[in-house]
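Fair warning: this is a prediction, and the values are worked out from it, not measured in the lab. For ligands, and for the atoms within them, numbers begin at 1 and follow the listed sequence. All heavy atoms count here, side chains included; hydrogens, waters and symmetry mates do not.
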Amino acid sequence: MVDAPLAPATSPRVRFAPSPTGYFHVGSARTALFNWLFARHNSGIFVLRIEDTDAERNREDWVEGILSALAWLGMDPDEGPYRQSERAGAHQSAVDRLWAAGCLYACDCSREAVEARTKGNPIPGYDGHCRHRGLDRGEGRVLRFATPEEGVVVVADVVRGDVEFPLAPMEDFVVVKSSGQPLFVLANVVDDIDMAITHVIRGEDLLPSTPKGILLWRALRGEHAPLPVYAHLPMLVNEQRKKLSKRRDPVSVESYRDQGYLPVAFLNYLALLGWSHPSGRELLDVPELVAEFRLEDVNHSPAFFDVAKLTHLNGEHLRRMGVDAFVAACRPWLTADAAPWPPERFDEAVFHQMAPLVQERVALLGEVPAMVDFFFLEEPVLDEVAWAQVVGDASAGEVLDAAIEAYAACAWEAATLHQVTAQVAEQVGRKLSKAQAPLRVAVTGRRVGPPLFDSLALLGREETLRRLQAARRRLASAAAGDPGASGAPGTPGPDEPEPPPP
Ligand code: GLU
Ligand code: ZN
């Protein structure tokens with residue numbers, strides 16, 4: 001018989017426990033990621049628990065938002081999703097045990113009564129009025145946890161070290177509402193105990209409630225029962241160093257997906273919000289994140305959520321992809337609904353040829369259609385500002401004329417087109433880059449785009465000449481003061497037909 005290798009004493013179990021009370025936001029995604037990376041790095045289990053006990057604030061479509069964002073980011077749970085709302089029985093039996101053990105007492109004080117009694121007290125909060133009144137449990141009475149009068153609770157936090165909370169100022173906090181519904185602080189701890197959670201990794205906004213959780217944990221499991229390891233992650237702040245706000249800041253994960261951020265780039269960026277690679281390297285793929293992620297390397301200073309940096313990283317990741325992978329990633333932006341061209345005009349082969357050039361020039365997948373739309377639209381979308389520059393450019397007409405003449409006869413491939421255009425530039429006494437501008441606007445409608453000569457080569461002689469000639473005519477009418485000539489091509493109103501060819 002062969003000895004089985006010893007399994008690790010306990011493989012770590014972590015949980016991501018979002019409350020579905022709004023759009024899934026970047027702070028939650030960062031918390032999910034740190035849990036997921038920790039689990040993957042340590043061969044642990046990543047549990048997903050939806051904390052949906054607050055029926056008034058939860059919505060089912062927000063649960064779906066959480067699930068689809070996690071799926072998009074590739075953070076599949078090993079267990080769950082569990083629903084906290086389905087664990088009411090477990091919460092109730094924990095309440096019964098705490099009651100039987102004398103850890104709780106019933107309180108029927110109204111908020112007003114408490115306020116009137118405690119106004120001016122040096123220690124704010126509930127004053128323990130009902131602690132020794134011996135009230136029975138029942139409708140209309142909350143249950144409070146009788147906190148010890150002295151001592152400290154120490155939260156041993158991997159990120160912040162030991163954080164001490166003195167018990168004297170801590171009020172006897174409510175664990176069950178007057179309706180009989182257990183509160184978050186209790187449900188959260190009961191679930192962590194039942195799910196054998198070993199590491200609680202979450203946002204630092206939850207640090208203040210952690211000592212209450214520890215008191216409950218000990219009351220339920222015994223004074224010396226091992227506690228989970230805590231890691232409270234630094235908060236995310238905006239440019240003004242203010243806490244990221246769902247109202248002011250662009251925080252919904254969905255919106256990043258819709259703009260064309262890659263999951264790997266988004267994960268890479270989120271990982272850097274509070275953590276860094278030991279080497280300081282910032283461009284990292286998922287296996288590298290998993291290999292190097294250690295909770296000990298998480299720091300506690302607030303992390304600036306910098307969209308510009310995220311976008312830059314996204315561009316870097318786009319450029320790292322193989323062309324086929326890039327084309328596949330672009331596909332949702334190129335197909336029927338999303339794309340600006342009629343589906344039958346899209347030519348996959350043309351896009352594939354342009355793809356390596358496009359890949360160098362975009363930071364977001366959402367920018368791809370505008371880079372190539374001139375191939376697939378009958379008439380290019382004319383950027384008004386770009387066209388106004390052409391109109392204001394005294395030698396644009398001359399450039400267009402010379403190019404039309406030269407392009408009519410030259411060999412049709414990028415290097416030749418480059419050469420021929422350089423000659424055109426010389427002929428009109430301009431730099432090549434300057435001479436390219438009106439040509440680019442005439443053919444693509446825009447000032448920026450993929451390299452011009454590759455684009456022309458692919459677009460073909462006939463179509464290139466047709467667009468150059470159309471632009472030349474528009475330019476002539478603009479010069480003649482025809483206001484209709486400044487509009488987009490292909491959209492003349494019924495009363496203003498395209499001017500006839502000269
Ligand atoms: N459900 C809590 C929240 O979304 C998180 C609880 C936890 O991670 O312990 O704020
Ligand atoms: Zn009371």
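When F376, F375, F374 are each tested for a ring-ring contact (aromatic ring centres under 6.0 Å, His included) with W341, only one passes: F376.
One option in R15, Q84, E51, R49 has a heavy atom closer to atom 8 (O) of ligand 1 than any other, and that option is R15.
In this structure, atom 5 (C) of ligand 1 lies nearest to the protein heavy atom A17 O, 3.3 Å. Among protein heavy atoms, the minimum distance from atom 3 (C) of ligand 1 is reached at S19 OG, 3.6 Å. The single protein non-hydrogen atom nearest to atom 10 (O) of ligand 1 is L206 CD1, 4.0 Å, given as residue, atom name and distance.
Between Y105 and W99, the ring center distance fails the sub-6.0 Å criterion. Ring centroids of W36 and F16 are separated by 6.0 Å or more, keeping the two rings apart. Less than 6.0 angstrom separates the ring centroid of Y269 from the ring centroid of F305.
Although no hydrogens or angles enter the test, the distance criterion places no donor-acceptor pair under 3.5 Å between the side chain of N121 and the main chain of P124.
Figure legend: R30 and F34 shown as a cation-pi pair, the cationic atom lying under 6.0 angstrom from the six-membered ring centre and within 45 degrees of its axis. Cation-pi contact between R59 and W62: present, with separation from the ring centre below 6.0 Å and deviation from the ring axis of at most 45°.
For ligand 1, the atoms sitting less than 4.0 Å from at least one non-hydrogen atom of N188 are 6 (C), 7 (C), 9 (O), numbered in the order shown with element in parentheses. Atom numbering of ligand 1 starts at 1 in the shown order; those under 4.0 Å from a heavy atom of F184 are 1 (N), 2 (C), 6 (C).
The SG atom of C107 and the OH atom of Y126 meet at the Zn ion (ligand 2) at an angle of about 100°, given to 10°. Angle SG(C130) to the Zn ion (ligand 2) to SG(C109), rounded to 10°: 100°.
Residue side and main chain included, H129 places no N/O/S atom under 2.8 Å of the Zn ion (ligand 2).
Contacts between F16 and ligand 1, counted as non-hydrogen atom pairs separated by less than 4.0 Å, are absent for every part of the residue.
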